[in-house]
Amino acid sequence: MEKSKEKQERFRRLATARTNSVLKTLNTLGHCSNRSAYHYSEEEVKKIFSEIENAVRGVKSKFHYPRNNKKFSL
């Protein structure tokens, strides 16, 4: 049971730090929305958030649908 507790603690520590890093980076991206400093099209904004949303879906699926790492054999 001790090994499981260590893994849980490691997950919480790393997930917290990495989540905070992602949130900080998203906040920084938000600074680009200042139209007095930057010019951008709606199409560019759609591309940015489409890519971010695809990445989030991909990572989220790893938590909900773990990969089957078993090798195929007949």
*Do Ser61 side-chain atoms and Gly58 backbone N/O form a donor-acceptor pair below 3.5 Å?*
yes

*Have a look at Lys60 and tell me which of Lys62, Arg57, His64 forms a side chain to side chain contact (heavy atoms under 4.5 Å, CB included) with it.*
His64

_Val45: side chain to side chain contact (heavy atoms under 4.5 Å, CB included) partners, not counting sequence neighbours_ = Tyr40, Phe49

_Non-hydrogen atoms of His39 and Glu44 that approach each other most closely_ = O-OE1, 4.5 Å

*How long is the span from the CD atom in Glu9 to the CZ atom in Arg13, to the nearest 0.5 Å?*
9.0 Å

*Look at the side-chain heavy atoms of Ile, Leu, Val, Met, Phe, Trp and Tyr, link any pair under 4.5 Å apart, and say whether Val56 and Leu14 land in one connected group.*
no

*asked:* According to a hydrophobic-cluster definition based on side-chain heavy atoms being under 4.5 Å apart (Ile, Leu, Val, Met, Phe, Trp, Tyr only), do Phe11 and Val59 belong together?
replied: yes

Which pairs of donor and acceptor atoms, one on a side chain in residues 27-34, lie under 3.5 Å apart (sequence neighbours left out)?
| from | atom 1 | to | atom 2 | distance (Å) |
| --- | --- | --- | --- | --- |
| Thr28 | OG1 | Lys24 | O | 3.0 |
| Ser33 | OG | Gly30 | O | 2.6 |
| Asn34 | OD1 | Ser36 | N | 2.9 |
| Asn34 | OD1 | Ser36 | OG | 2.5 |

